[in-house]
*Asks:* 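Can you read through this structure? Questions will come right after.
Note that this is a predicted model, so its numbers are computed, not measured.
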Amino acid sequence: MFAERGQAKPYAYVEAPPAGIPRSGGDYQALTVPIENARPFASELRLDVEGFAVLQRPTAVRDFWDEAQTLAVGHPEVAQLVKAATGAVRVVVFDHTRRRRIVGVEDRSPDAPRQPASRAHVDQTVASGPQRVRDVMGAQAEDLLRRRAAIINVWRPIAHVAQDWPLALADARTVDAADLIASDLIFPNRKGEIYAVAYNPHQRWLYVRDVRPDEVVLIKCWDSDPSVARFAPHTGFEDPTTPANAPPRESIEFRTIAFFD
């Protein structure tokens with residue numbers, strides 16, 4: 001789904017909103033858009049050019065639904081992966097989200113796993129990117145922000161190939177600044193900001209068919225360097241070519257901050 005340009009700033013509460021306030025605000029529309037299969041040239045995609053990259057990287061994690069294993073093995077593994085892929089001198093993994101699609105369940109429903117995102121978005125904005133660094137890094141943040149920093153998601157299928165509700169990503173070079181609509185994401189203890197995405201026919205949307213559990217997709221969510229791709233819009237989507245017997249999508253995304261000299 002894509003955002004419609006309007007006067008009021010869109011918002012969404014992560015948990016139940018105060019009495020009398022809708023859980024989310026803003027206008028969105030479901031559109032049918034062309035999405036190109038990037039599998040034949042997946043190895044040519046570049047994080048600093050298109051805004052995302054696909055790498056073959058097996059994991060030592062046996063069960064991503066095991067929180068202790070994901071923290072103890074998955075986080076250090078992802079930090080090293082991003083460091084090697086980007087040339088960063090330091091990588092901090094600050095969060096992860098597991099998803100398992102259940103038919104008829106809305107995302108962020110109580111007592112249910114997170115669902116694939118159905119709205120095109122970017123996890124950070126030009127304002128919330130550096131603020132996230134401050135939130136995570138505390139007293140070190142201002143010194144770190146004097147040099148290049150980037151927030152990069154690492155997305156991986158769990159258990160089986162991601163055929164059901166795969167991930168679509170926009171080539172960052174084809175997304176105008178006016179297509180990115182700052183939207184509030186309201187948590188119980190803080191207010192974050194993400195970009196909703198308005199559709200523009202000049203946008204080039206891609207997906208990598210049949211991403212495997214031994215592959216990862218790196219997604220640029222913010223970069224302090226304006227000379228490279230800074231924001232890669234992305235979303236899950238209902239693929240009409242998905243086989244009828246494809247298992248529901250399971251995936252995990254790690255959120256990282258990469259710091260450079």
*Asks:* Answer yes if L144 and V92 sit in the same cluster of Ile, Leu, Val, Met, Phe, Trp and Tyr residues linked by side chain heavy atoms under 4.5 Å apart, and no otherwise.
*Replies:* yes
*Asks:* For F260, does the six-membered ring have the charged nitrogen or CZ of R148 within the cation-pi criterion, i.e. under 6.0 angstrom from the centroid and within 45° of the normal?
*Replies:*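 Yes, a cation-pi geometry.
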*Asks:* So, applying salt bridge (charged side-chain N to carboxylate O under 4.0 Å, His left out) with K220, which one of D171, D48, D123, D225 is it?
*Replies:*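 For K220, the salt bridge (charged side-chain N to carboxylate O under 4.0 Å, His left out) check succeeds only for D48.
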*Asks:* Measure the acute angle between the ring planes of H96 and H75, then classify it against the limits of 30° and 60° as parallel, tilted or perpendicular.
*Replies:*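 Perpendicular: the ring planes of H96 and H75 meet at over 60°.
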*Asks:* Hey, is the main chain of W165 close enough, under 3.5 Å, to the side chain of R249 for a donor-acceptor pair?
*Replies:*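 It does hold such a pair.
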*Asks:* Looking at G74, is its backbone amide N or carbonyl O close enough to the side chain of Q69 to form a donor-acceptor pair, meaning the two atoms are under 3.5 Å apart?
*Replies:* no
*Asks:* Could you tell me whether the side chain of L55 reaches within less than 4.5 Å of the side chain of L218, counting heavy atoms only?
*Replies:* yes
*Asks:* Can you check whether C221 reaches I152 side chain to side chain, under 4.5 Å on heavy atoms?
*Replies:*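 C221 vs I152: side chains apart.
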*Asks:* Does anything in residues 54-81 form a salt bridge (charged side-chain N to carboxylate O under 4.0 Å, His left out)? List the pairs, not counting sequence neighbours.
*Replies:*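 For residues 54-81: E67-R98.
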*Asks:* Would a single hydrophobic cluster contain both V14 and Y195, if residues Ile, Leu, Val, Met, Phe, Trp and Tyr are joined by side-chain heavy-atom contacts under 4.5 Å?
*Replies:*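 Each belongs to a different hydrophobic cluster.
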*Asks:* Rounded at 0.5 Å granularity, tell me how far CD1 in I35 sits from CG in D239.
*Replies:* 7.5 Å
*Asks:* How long is the straight-line distance from CZ of R99 back to CZ of R114, given to the nearest 0.5 Å?
*Replies:*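 Spacing of CZ (R114) from CZ (R99) equals 4.5 Å.
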*Asks:* Indicate the atoms forming the closest heavy-atom contact of P130 with T125, along with that distance.
*Replies:*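 Closest approach of P130 to T125, heavy atoms only: CD-O, 4.4 Å.
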*Asks:* Flag the pair V154 / E253 as yes when at least one side-chain heavy-atom distance between them is below 4.5 Å, and no otherwise.
*Replies:*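 Of all side-chain heavy-atom pairs linking E253 with V154, none is under 4.5 Å.
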*Asks:* Any carboxylate oxygen within less than 4.0 angstrom of a Lys/Arg side-chain nitrogen, looking at R147 and D261?
*Replies:*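 A salt bridge is absent here (no side-chain N lies under 4.0 Å from a carboxylate O).
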*Asks:* Can you name the closest pair of heavy atoms from A53 and L47 and give their distance?
*Replies:* CB-N, 4.0 Å
*Asks:* I want to check something: taking the side chain as every heavy atom from C-beta on, are F2 and Y28 in contact at a cut-off of under 4.5 Å?
*Replies:*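 With C-beta onward as the side chain, the pair stays apart.
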*Asks:* Should V211 and V54 be regarded as members of a common hydrophobic cluster, given that ILVMFWY residues are connected when their side-chain heavy atoms come within less than 4.5 Å of each other, either directly or indirectly?
*Replies:* yes
*Asks:* At what distance, to the nearest 0.5 angstrom, does CD of Q124 lie from CD of Q131?
*Replies:*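 Spacing of CD (Q124) from CD (Q131) equals 10.0 Å.
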*Asks:* Taking atom CZ of R132 and atom CH2 of W222, what is their separation to the nearest 0.5 Å?
*Replies:* 12.5 Å
*Asks:* Is there a side-chain hydrogen bond (donor to acceptor under 3.5 Å, both in side chains) between W65 and E250 once you walk through the steps?
*Replies:* CA-CA 10 Å; W65 292 98; E250 294 185 43; 2.9 Å; yes
*Asks:* Could you give me the CA-CA distance, side-chain angles and deciding distance for L180 and V175, then say whether side chain to side chain contact (heavy atoms under 4.5 Å, CB included) is met?
*Replies:* CA-CA 8 Å; L180 302 176; V175 179; 3.9 Å; yes
*Asks:* Roughly how far apart are F254 CZ and F94 CZ, rounded to 0.5 Å?
*Replies:* 12.5 Å
*Asks:* Mark yes or no for whether R134, through its side chain, and A141, through its backbone, hold a donor-acceptor pair below 3.5 Å.
*Replies:* no
*Asks:* Check for a donor-acceptor pair, side chain of S24 on one end and backbone N or O of P22 on the other, with a separation under 3.5 Å.
*Replies:*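 Answer holds: no.
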*Asks:* Which heavy atom of D164 sits nearest a heavy atom of P248, and at what distance?
*Replies:*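 What the structure gives for the nearest pair is OD2-CA, 3.4 Å.
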*Asks:* Are any of the side-chain heavy atoms of I252 and T97 separated by less than 4.5 Å?
*Replies:*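 In short, these two side chains do not touch, never coming nearer than 4.5 Å.
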*Asks:* Before giving the answer on side chain to side chain contact (heavy atoms under 4.5 Å, CB included), spell out for T235 and M1 the whole-Å C-alpha distance, their side-chain angles and the decisive distance to 0.1 Å.
*Replies:* CA-CA 8 Å; T235 182; M1 297 181 72; over 6 Å; no
*Asks:* What pairs of residues pass the salt bridge (charged side-chain N to carboxylate O under 4.0 Å, His left out) test when at least one of them lies in residues 13-41, not counting sequence neighbours?
*Replies:*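 Only E36-R204, R39-E215 qualify under salt bridge (charged side-chain N to carboxylate O under 4.0 Å, His left out).
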*Asks:* Between Q163 (side chain only) and N245 (backbone N and O only), is there a donor and an acceptor less than 3.5 Å apart?
*Replies:*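 No, because the side chain of Q163 does not come within donor-acceptor range (under 3.5 Å) of the backbone of N245.
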*Asks:* Compare every heavy atom of W155 with every heavy atom of A162, then report the nearest pair and how far apart it is.
*Replies:*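 Result for this residue pair: CB-CH2, 3.8 Å.
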*Asks:* For the backbone of H234 and the side chain of H121, can you confirm whether one donor and one acceptor N or O come within less than 3.5 Å of each other?
*Replies:* yes
*Asks:* Which is it for L185 and Y13 under the side chain to side chain contact (heavy atoms under 4.5 Å, CB included) test, yes or no, and what are the steps along the way?
*Replies:* CA-CA 6 Å; L185 190 59; Y13 282 87; over 6 Å; no
*Asks:* Mind checking whether V93 and I257 sit in one hydrophobic cluster, side chains of I, L, V, M, F, W, Y counted as touching below 4.5 Å?
*Replies:* no
*Asks:* Are the side chains of H202 and D179 in contact, using a 4.5 Å heavy-atom criterion?
*Replies:* no
*Asks:* What are the two closest heavy atoms between V82 and A258, and how far apart are they?
*Replies:* CG1-CB, 4.3 Å
*Asks:* Is it the case that atom CD in E106 sees more than 12 heavy atoms from other parts of the structure closer than 6.0 Å?
*Replies:* no
*Asks:* Counting only heavy atoms not in N189 (residues, nucleotides, ligands), do more than 12 fall under 6.0 Å from its CG?
*Replies:*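 Above 12, so yes.
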*Asks:* Check the pair R209, Y207 against side chain to side chain contact (heavy atoms under 4.5 Å, CB included), reporting the backbone distance first and the verdict last.
*Replies:* CA-CA 6 Å; R209 189 175 182 86; Y207 83 113; 3.0 Å; yes
*Asks:* Output yes when a side-chain donor or acceptor of R156 lies under 3.5 Å from a complementary backbone atom of V216, and no otherwise.
*Replies:* no
*Asks:* Measure across E193 and A182 and return the closest heavy-atom pair with its distance rounded to 0.1 Å.
*Replies:*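 What the structure gives for the nearest pair is OE2-CB, 3.6 Å.
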*Asks:* Is there a side-chain contact between V91 and F259, using heavy atoms and a 4.5 Å cut-off?
*Replies:*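 With C-beta onward as the side chain, the pair stays apart.
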*Asks:* Consider only side-chain heavy atoms of I, L, V, M, F, W and Y, link residues closer than 4.5 Å, and tell whether L145 and I151 are in one cluster.
*Replies:*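 As far as the 4.5 Å side-chain criterion goes, I151 and L145 are connected within one cluster.
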*Asks:* Checking the side chain of T256 only, and the main-chain atoms of N153 only, is there a donor and an acceptor separated by less than 3.5 Å?
*Replies:*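 Between the backbone of N153 and the side chain of T256 there is no qualifying donor-acceptor contact (under 3.5 Å).
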*Asks:* Are any of the side-chain heavy atoms of V73 and T59 separated by less than 4.5 Å?
*Replies:* no
*Asks:* Go through it in stages, so that I can follow the logic: the residues are S224 and R230, the test is side-chain hydrogen bond (donor to acceptor under 3.5 Å, both in side chains), and I'd like the CA-CA distance, side-chain angles, deciding distance and then a yes or no.
*Replies:* CA-CA 7 Å; S224 64; R230 304 186 75 191; over 6 Å; no
*Asks:* What is the distance from atom CG of D107 to atom CD1 of I102, rounded to the nearest 0.5 Å?
*Replies:* 11.0 Å
*Asks:* More than 12 non-hydrogen atoms from neighbouring residues, nucleotides or ligands closer than 6.0 Å to CG on D176, yes or no?
*Replies:*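 Above 12, so yes.
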